[in-house]
Amino acid sequence: MDPFTDTPRVRSDSMSSSVSQGSSSKVVLRQRLSQLLTCIEDMSSDDEASEEVSRTLDEAFQLCGRFIPTDAFRLHIVTWNVATAEPPEDVTTLLQLDVQPPADLYVIGLQEVNANPVRFISDLLVEDAWSHVFMDTLAPRGFVKVTSMRMQGLLLLVFAKQFHLPFIRNIQTTYTRTGFFGYWGNKGGVTVRFSFYGHMVCFLNCHLAAHVNYALQRVDEIEYILETQDFDLSDTPNVRDHKVVFWFGDLNFRIADHGLHFLRSSINSGRLNLLWNKDQLTMMKKKEAFLQEFEEGPLNFKPTYKFDRNGETYDTSTPKTWLGFAKSTVLLPLTMYRPRPLQRCSTTLFFLLTSLTWGLLSVWLGAWHRERDPPSGKKRKPAWTDRVLWRIKPKTPPSEEDDEKASTSTDDGLDEYPLLVTQDKYTSDMSYGVSDHKPVIATFSLEVRKCFDTPLVHVSPLGVWSADQEALLNYTIQEDFMSSTWDWIGLYKVGFKSAFDYETFVWVREEELPETNEVIQLSVDKDEIPLLGGHYVLGYYSTNMQSIIGLSANFQILESKRAVMEGLVPENINGLNE
């Protein structure tokens with residue numbers, strides 16, 4: 001058994017704190033089962049036994065059915081500081097694509113993606129290299145990019161199995177800069193939130209202030225991010241209003257006090273537990289109430305920072321210098337104070353303009369910092385800088401009025417739509433060496449009782465589709481939602497990468513919007529249909545929800561006669577291709 005990868009399962013749920021885990025509901029369940037056993041022992045006749053056992057079992061199993069969710073989904077989270085490196089050719093082991101059961105959602109948080117001015121401008125126009133490698137790997141497996149969020153070097157990607165797309169709604173993204181007094185995005189957090197089968201979930205990817213002496217600054221930064229990030233929906237205006245929040249990234253917390261020799265000795269001997277009590281995040285959780293709301297699995301894997309590149313050896317060189325000062329010290333003064341709300345007013349244009357002056361500013365600030373705090377030349381100590389935590393929204397304590405109502409309620413305080421979170425794995429992957437950080441992987445089981453399981457829109461093709469004739473499709477609004485004349489229906493090849501990876505599209509009704517259950521028929525020009533045919537799917541895209549809210553079943557487009565005429569495929573004569 002590998003001591004660095006074997007971790008116990010950690011579970012929490014939406015009905016109680018992580019400590020109680022629905023203990024009150026379990027007590028009631030035990031009471032019902034205890035009654036059952038007592039009844040069986042005290043029965044006086046077979047008729048009484050049958051009736052009493054039936055009634056008590058019915059109560060017990062009804063309670064079980066309400067307490068235990070009926071659907072389970074698997075979430076795979078990756079966090080990795082890639083240190084401006086180009087992506088590796090193969091990320092299969094990082095995504096654990098062959099593990100059973102397969103994942104339903106992939107959430108990938110990267111830090112220090114190459115964001116020099118030229119690269120950053122290029123990435124605004126086309127997908128960056130890291131997004132491409134993950135999309136190219138996951139799309140053939142039936143995963144579609146739900147959304148992404150980029151802030152300079154911070155990148156957050158969310159992928160879902162194609163059939164989950166209609167049940168992922170109300171997608172919103174935001175960001176917070178904490179570098180350079182809140183004006184620069186080299187540090188901060190990017191967030192994606194959405195409704196998953198009616199459950200509000202939130203993913204926060206952070207890169208916090210570096211170096212061992214800035215633990216308090218890191219706490220201040222994450223508290224600021226949690227307090228200031230907001231969303232448009234009234235029921236979840238802030239990060240902590242979501243039913244579950246996953247917080248991860250290069251949080252930069254270090255191992256305090258212990259010397260380099262003791263650290264390496266403890267790591268090499270597998271006695272990682274000797275380092276846990278000096279982990280700064282663990283220490284800060286004991287002092288900060290808001291951090292105590294977040295859970296984390298045991299750190300049974302080697303510290304993921306700092307490694308020599310392309311190897312599994314911890315830092316063996318002194319910090320590199322640039323123009324006479326330590327490269328790592330350039331950004332230190334830029335994250336020393338609490339950021340101000342003004343940082344939220346800036347735009348991408350601000351990023352581009354400040355990028356042009358960044359070099360000169362770095363030289364001046366680096367030289368200033370070197371004068372006041374010269375680099376020691378010591379090797380960097382290993383640390384668990386890369387982390388994955390999660391938070392279940394605490395149950396709101398009932399008011400006195402609610403207490404009176406609860407005393408007469410038969411609900412027993414159970415959540416009608418519970419969400420259970422179980423961490424299945426928390427580890428790192430040492431096989432990747434493009435960065436001085438190793439990627440961290442966390443997998444979770446999300447057991448949920450779905451709030452709904454019907455798409456908002458039903459879409460279907462009509463008749464035979466080929467580029468030889470105009471094609472027809474139907475769509476029906478099955479449930480009222482905030483539709484728009486800017487909504488559209490896209491034609492996607494099976495294995496498509498994102499909502500915008502369509503072959504062609506048609507706008508929905510241009511004038512008045514359809515009524516619920518009204519069947520609308522649209523046509524697709526034959527010149528827009530792929531000549532070679534293949535397997536495709538239709539998807540209704542909502543501009544207000546920023547997601548595909550209706551998918552057709554897969555269907556086949558036939559190869560067009562025009563494809564032969566235009567020489568795209570050889571002509572078939574007597575069963576043989578010329």
Side-chain angles (χ1 to χ4, degrees), residues 124-127 131-132 135-136 138-140 142-148 158-171 173 194 455-479 481-515 518-560 562-563 568:
L124 290 175
L125 303 176
V126 296
E127 294 279 4
S131 294
H132 268 300
M135 292 168 72
D136 291 344
L138 289 170
F143 288 91
V144 180
K145 190 183 82 169
V146 174
T147 190
S148 64
V158 178
F159 295 85
K161 270 287 189 182
Q162 178 182 307
F163 55 81
H164 293 313
L165 294 181
F167 309 104
I168 297 176
R169 304 173 185 173
N170 298 316
I171 301 169
T173 61
F194 52 81
L456 293 175
V457 180
H458 178 266
V459 189
S460 61
L462 291 177
V464 176
W465 279 51
S466 80
D468 295 324
Q469 60 188 18
E470 186 179 79
L472 298 175
L473 65 89
N474 277 349
Y475 79 91
T476 306
I477 305 297
Q478 300 190 119
E479 184 180 333
F481 68 96
M482 191 181 294
S483 56
S484 166
T485 55
W486 291 99
D487 293 352
W488 42 268
I489 296 174
L491 175 66
Y492 300 93
K493 190 164 188 177
V494 171
F496 66 100
K497 299 177 181 178
S498 72
F500 298 95
D501 185 26
Y502 49 75
E503 300 294 323
T504 186
F505 72 92
V506 291
W507 298 108
V508 300
R509 182 180 288 183
E510 295 184 1
E511 297 175 359
E512 61 183 76
L513 294 171
E515 299 292 331
E518 180 184 356
V519 179
I520 305 297
Q521 186 175 104
L522 299 175
S523 62
V524 181
D525 191 288
K526 64 180 181 180
D527 293 330
E528 301 295 329
I529 298 175
L531 293 174
L532 296 179
H535 290 90
Y536 289 81
V537 63
L538 294 167
Y540 184 109
Y541 184 84
S542 166
T543 54
N544 289 322
M545 293 189 180
Q546 298 185 45
S547 60
I548 294 175
I549 58 174
L551 278 174
S552 73
N554 292 357
F555 67 99
Q556 186 172 11
I557 294 180
L558 301 181
E559 184 179 284
S560 169
R562 290 166 52 201
L568 298 177

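As a basis for the values below, the full set of heavy atoms in this structure was taken, side chains included, without hydrogen atoms, waters or symmetry mates.
Residues passing the side chain to side chain contact (heavy atoms under 4.5 Å, CB included) test with D525, sequence neighbours excluded: D527, E528. When the side chain to side chain contact (heavy atoms under 4.5 Å, CB included) test is applied to I520, the partners found at least two apart in sequence or on another chain are Y475, R509, P514, E518, L522. Shown here are the salt bridge (charged side-chain N to carboxylate O under 4.0 Å, His left out) partners of D468, two or more places apart in sequence or in another chain: there are none. The ring pair (Phe, Tyr, Trp, His ring centres under 6.0 Å) check on Y502 picks up W488, F505, with sequence neighbours excluded.
How far OG of S131 is from CG of D136: 10.5 Å, rounded to the nearest 0.5 Å. Note that the CG atom of D501 and the CD atom of E503 stand 7.0 Å from one another [nearest 0.5 Å]. With rounding to the nearest 0.5 angstrom, the CG atom of L456 is 12.5 Å from the CE atom of M482. Note that the NE2 atom of H458 and the CG atom of N474 stand 9.0 Å from one another [nearest 0.5 Å]. Summarising the geometry, atom CZ belonging to F167 is positioned 11.5 Å from atom CD1 belonging to I549; distances are rounded to the nearest 0.5 Å. To the nearest 0.5 Å, atom OG1 of residue T476 and atom CD of residue Q521 are 11.0 Å apart.
Applying the side chain to side chain donor-acceptor pair (under 3.5 Å) test to residues at least two apart or on different chains, the pairs with a partner in residues 536-557 are D487-Y540, D487-T543. Here side chain to side chain donor-acceptor pair (under 3.5 Å) pairs that include residues 159-169, with residues two or more places apart or in two chains, are D104-H164, H164-Y197.
The two atoms that bring W465 and L472 nearest to each other are NE1-O, 3.1 Å, heavy atoms only. Nearest heavy-atom pair, R562 versus K526, reported as atom, atom and distance to 0.1 Å: NH1-O, 3.8 Å. In this structure, L551 and G539 approach most closely via the heavy-atom pair CD2-CA, 3.8 Å. The minimum heavy-atom distance between S466 and L558, with the atom names listed, is CB-O, 3.6 Å. Heavy-atom minimum distance, A139 versus K497: CB-CG, 3.7 Å. Residue P530 comes nearest to L491 through the heavy atom pair CD-CD2, 3.9 Å, listed as atom of the first residue, atom of the second, then distance.
Side-chain contact between L462 and L473 is absent, with no heavy-atom pair separated by less than 4.5 Å. You'll find the side chain of Y492 stays beyond 4.5 Å of the side chain of V144, heavy atoms only.
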Exercise. May I have the step-by-step check of side chain to side chain contact (heavy atoms under 4.5 Å, CB included) for F159 and M135, ending in yes or no?
Key: CA-CA 9 Å; F159 295 85; M135 292 168 72; 3.7 Å; yes

